[in-house]
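Heads up, the thing below is written out as structure tokens.
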Amino acid sequence: VLVDQYNKKRLLLIALITMGMTLLIAFITVNKATPMLYIFTQMVVQLCGSLIRPAMQAYVASIFSKEQFLLIFTKSATFTISGGIVGAFIGGILVTKSLLFVLALIILVPIAISIWLLSTLPIVTRLEPQQKQNVIKEIISGFHYCFTNNYFLQLLVLMAIGQVIYHTM
């Protein structure tokens with residue numbers, strides 16, 4: 001809903017900067033950390049991640065041609081999943097070795113590079129202005145569509161099973 005109504009590049013930059021700043025604060029205050037800091041950090045990072053993926057997909061779709069989009073999207077999804085698995089593996093090893101500084105660099109440097117690269121890309125403007133609707137009404141409409149469309153419910157269950165399998169590996 002947010003991705004459809006707002007500038008995708010701006011949303012990406014806001015999400016990446018927020019994620020980076022939250023992680024930086026968590027790394028700086030790790031010696032004084034409380035469970036609430038860990039919970040807050042995890043919530044912010046997950047929220048930003050939930051915004052980054054659809055915003056990036058919509059942004060990529062707007063800057064590449066339809067012929068290029070499928071190839072770019074497929075490679076992007078492959079690298080995202082592979083990077084998540086390899087990153088969890090490397091992060092687990094570094095956490096057990098207590099190399100917090102190295103772990104912080106491995107996480108924060110790619111975020112900083114992403115922010116820099118994204119800032120160099122063009123801002124895509126729509127030719128036709130889109131009518132802004134109430135976000136709450138759109139969310140309710142989306143839930144109504146999800147629960148009344150049998151095919152979509154089956155797809156949702158299949159995706160949920162895939163998420164459970166992926167996150168329990």
[atom1]-[atom2] distance between [X] and [Y], expressed to the nearest 0.5 angstrom:
X: M19; Y: L51; atom1: CE; atom2: CG; result: 9.0 Å
X: L11; Y: Y59; atom1: CG; atom2: OH; result: 12.0 Å
X: C48; Y: L12; atom1: SG; atom2: CG; result: 11.0 Å
X: F27; Y: L108; atom1: CZ; atom2: CG; result: 5.5 Å
X: Q46; Y: T41; atom1: CD; atom2: OG1; result: 11.5 Å

For [X], check side chain to side chain contact (heavy atoms under 4.5 Å, CB included) against everything at least two apart and list the hits.
X: L71; result: K75
X: T34; result: M36, L37
X: I115; result: L13, L16, I17, I111
X: Q57; result: R53, F73

With the 4.5 Å side-chain cut-off for hydrophobic clustering, are [X] and [Y] part of the same group?
X: V30; Y: I106; value: yes
X: I52; Y: M21; value: yes
X: V157; Y: Y151; value: no
X: F40; Y: V45; value: no

- Query: Of all heavy-atom pairs between A55 and K8, which one has the smallest distance, and what is that distance?
  - Reply: O-CB, 4.0 Å
- Item | Validation row: H144, T148 side chains within 4.5 angstrom (heavy atoms) |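 Yes, close enough: below the 4.5 Å cut-off.
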- Message: Donor-acceptor pair, distance only, cut-off 3.5 Å: does the side chain of S119 make one with the backbone of W116?
- Response: yes
- N/O donor-acceptor pair under 3.5 Å between K9 side chain and L121 backbone: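 A pair under 3.5 Å: yes.
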- Item | Partners passing ring pair (Phe, Tyr, Trp, His ring centres under 6.0 Å) against F89 (at least two apart in sequence or in another chain) | none
- Query: Of the options I25, T18, L23, which is the one that meets V44 in a side-chain contact (heavy atoms from CB on, under 4.5 Å)?
  - Reply: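 With V44 as partner, I25, T18, L23 yield a single side-chain contact (heavy atoms from CB on, under 4.5 Å), made by T18.
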- Query: Hydrophobic clusters join Ile, Leu, Val, Met, Phe, Trp and Tyr when side-chain heavy atoms are under 4.5 Å apart, directly or via other members; which others share one with I14?
  - Reply: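 When side chains under 4.5 Å apart are linked, I14 ends up in no cluster with other residues.
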